[in-house]
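I have placed the structure first, in the form of structure tokens, so that the comments after it can refer back to it.
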Amino acid sequence: YDSMKQIADWTADIAAQNPDLVSRSVIGETYEGRPMYLLKLGKSGSNKKAIFMDCGFHAREWISPAFCQWFVKEAVETYGKDTAMTTLLNSLDFYVLPVLNIDGYVYTWTSDRMWRKTRSKTSVSRCIGTDPNRNFNAGWCKIGASKSPCDSTYCGPAPESEKETKALADFIREHLSTIKAYLTIHSYSQLLLFPYSYTYQLPSNYEELNSIAHAASQKLSSLYNTKYTYGPGATTIYPAAGGSDDWAYDQGIKYSFTFELRDTGRYGFALPESQIQPTCEETLLAVKYIANYVLEHLY
Amino acid sequence: AAMELPPSHYPATRAAALAAAFVCYRRGSPGRGLALRAVRRAVRQGIDGVGTKYHLELVLEDILDKDRTVNCTAEVLYHLSKTTAPDVQFTIEGELKNADEADDIFYNRIKSLEKELVAENIPDSHGNVSPEMEPIRLLACAASGYVIWQNSTENTKFQLAQIKHVKQVKRSDEYLEFDYTILLHEMVSQEIIPWQMTVLWHPRHSVQVTQDSQQPKHISE
């Protein structure tokens, strides 16, 4: 697992070493003033549609930023060698945000390995932090989220109250015409979820999302037999409002998925480093499948 | 009325996690850990005036030998009163791997230590568990099964997240005693709950939790 400094340095290096494929930008600043780096992957071209993927929403889910790094690494290493990856990078752009909740991630390295939320202070309470995945404007705070600043699922004082979630939302809003799919990577539980989580209502393209999730889960398990469960968030894991996947979907991004990576609780958040590679390899198969589907169903 | 539930969605998975924790409590030891591999079938039934009963068909795996699985049927009854622990009964089909040798090796190793064992952060931040600490972790899995059982409701799903601290307590009898501070992860609220538990064990005897108490969350936040 890489520290935040290692990840930040890596984003600079990978862009510098692969200028034809990768560029780095800053989409905003965290509460504690750290730059939020975004990588754009793809062979430059005109009128390209894009897929947005983020990692590191929840600080303790260390396997998540590791996957974003792995994805970028695989992209640059197999471009020109792997047909599928080459086609994807030629035809689409990928926006990859390796760590959304940078302050929280740093905190899990320096102070509390099990921290989840951001590190923002409020004037109302001694407690710190908002759950970024309850902070989006999607049924905000109606269910499965807490109004108490001391709780782990605190939805925040208002939607997009966190600088980090606002930066993400602003970027997606600004690029809405080109972003055709949204993926957000979490852990743990081995789930592939799609909208909705803020309501039990099913999205209009439920059948399509369900069959994509089914196929992607099969691709994933084909490598090491890792079993994933898939379905709408509310009935699969729990109802929870304010999620980025629901928000992105309601913005019009009709392919919106949340991954909960390994494992199912034996190690939980403290997934052994020996499992980083196999987890990333199998997840990559699922992500490539989804990306390819999106490419064949552009809208 | 009994209702068939999708086995890999909640609420089946919550009842299954509780059942698996209870099995680990009853059958676990330093030489043996059991984890939930899959839920085959789940049926829920409301019982007027009593509570909600789940009938579960589970597959459990041996933590030390992943290819070794057993089928397990379990009944979980959540009482109407949330202050009463759920009733759990289970039957395991087939045989679990014999843990006697592993248990004895651990027992003799601890008995022969000059100073009482002390350790922390198992697994560590990077998920590492040293081979010497694996039995300590399996013992904690079994003991935490008791704590999880006593504190579960239909709205909770607990997992042992980490052993923050463990200290052996010297005894004059043949039992081993350990004072654990563990972190439980509660999935629905996403809270990390520190819990202290005093654990007694001897080979061929069930794990006992003689004392346990929830600890305050680190209010530096």
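Letters go in sequence order (proteins before strands), and every chain restarts at 1.
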Practice item. Kindly indicate, with the supporting measurements, whether the criterion side chain to side chain donor-acceptor pair (under 3.5 Å) is fulfilled by Arg134(A) and Gln190(B). Key: CA-CA 12 Å; Arg134(A) 302 291 185 277; Gln190(B) 290 293 345; over 6 Å; no
Review point. Around atom NZ of Lys167(B), are there more than 12 heavy atoms of other residues, nucleotides or ligands at under 6.0 Å?
Key: no
Practice item. Counting only heavy atoms closer than 4.5 Å, note whether Arg116(A) contacts chain B via side chain, backbone, both or neither. Key: side chain
Exercise for review: Ignoring hydrogens and angles, tell me if any N or O in the side chain of Lys217(B) forms a donor-acceptor pair with the backbone of Cys150(A) under 3.5 Å.
Suggested key: yes
Practice item. Output the distance between atom OH (Tyr267(A)) and atom CZ (Arg137(B)), rounded to the nearest 0.5 Å. Key: 4.5 Å
Exercise for review: Kindly check if the number of other-residue, nucleotide or ligand heavy atoms within 6.0 Å of CZ (Arg34(A)) is above 12?
Suggested key: yes
Revision key, fill the gap. If one checks every heavy atom of Asn121(B) against chain A at 4.5 Å, the contacting part turns out to be neither
Exercise for review: Step through the shown structure and confirm whether more than 12 heavy atoms of other residues, nucleotides or ligands are within 6.0 Å of NZ on Lys73(A).
Suggested key: yes
Revision key, fill the gap. On a heavy-atom basis, the closest approach of Tyr10(B) and Tyr238(A) is CE2-CA, 3.8 Å
**Study point:** Residue Tyr230(A) versus chain B: region with a heavy atom under 4.5 Å
**Key:** backbone
Check your understanding: For Gln89(B), does the CD atom have more than 12 heavy-atom neighbours from other residues, nucleotides or ligands under 6.0 Å away?
Key -> no
Check your understanding: For chain A, which of Ser125(B), Ala161(B), Pro123(B) has the most heavy-atom pairs under 4.5 Å?
Key -> Ser125(B)
Review point. Are Ile237(A) and His9(B) close enough that some pair of their side-chain heavy atoms sits under 4.5 Å apart?
Key: no
Check your understanding: Which region of Arg37(B), side chain (C-beta onward) or backbone (N, CA, C, O), has a non-hydrogen atom less than 4.5 Å from a non-hydrogen atom of chain A, or is it both or neither?
Key -> neither
Point to revise | Per-residue contact mode, Asp131(A) against chain B (heavy atom under 4.5 angstrom) | key: neither
Exercise for review: Name the member of Arg14(B), Gln159(B), His126(B), Lys157(B) that forms the most heavy-atom pairs with chain A at distances under 4.5 Å.
Suggested key: His126(B)
Review point. So, His185(B) versus Tyr188(A), ring centres under 6.0 angstrom or not?
Key: yes
Study note, to complete from the structure: Given Ile63(B), Leu160(B), Leu36(B), the one with more heavy-atom pairs under 4.5 angstrom with chain A than any other is Ile63(B)
Practice item. Go through the atoms of Thr236(A) and report whether side chain, backbone, both or neither lie under 4.5 Å from a heavy atom of chain B. Key: both
Practice item. Check each atom of Ser8(B) against the heavy atoms of chain A and say whether the ones under 4.5 Å are side chain, backbone, both or neither. Key: both
Practice item. For Gln6(A), look at atom CD and say whether over 12 heavy atoms of other residues, nucleotides or ligands are found less than 6.0 Å away. Key: yes
Practice item. Verify side-chain contact (heavy atoms from CB on, under 4.5 Å) between Met187(B) and Ser189(A), making sure each step is shown before the conclusion. Key: CA-CA 10 Å; Met187(B) 183 73 76; Ser189(A) 286; 3.3 Å; yes
Practice item. Examine distances only and state if a side-chain atom of Glu191(B) and a backbone atom of Ser152(A) form a donor-acceptor pair shorter than 3.5 Å. Key: yes
Check your understanding: Nearest 0.5 Å, what's the CZ-CD1 distance between Arg113(A) and Ile192(B)?
Key -> 10.0 Å
Point to revise | Side chain / backbone / both / neither for Ala234(A) at chain B, heavy atoms under 4.5 Å | key: backbone
Review point. Does a sphere of radius 6.0 Å around NZ in Lys163(A) hold more than 12 heavy atoms from other residues, nucleotides or ligands, not counting ones at 6.0 Å or beyond?
Key: yes
Check your understanding: Above 12 or not: heavy atoms from other molecules or residues under 6.0 Å from CD of Glu32(A)?
Key -> yes
Point to revise | Atom group of Leu183(B) that falls short of 4.5 Å from chain A, counting heavy atoms | key: side chain
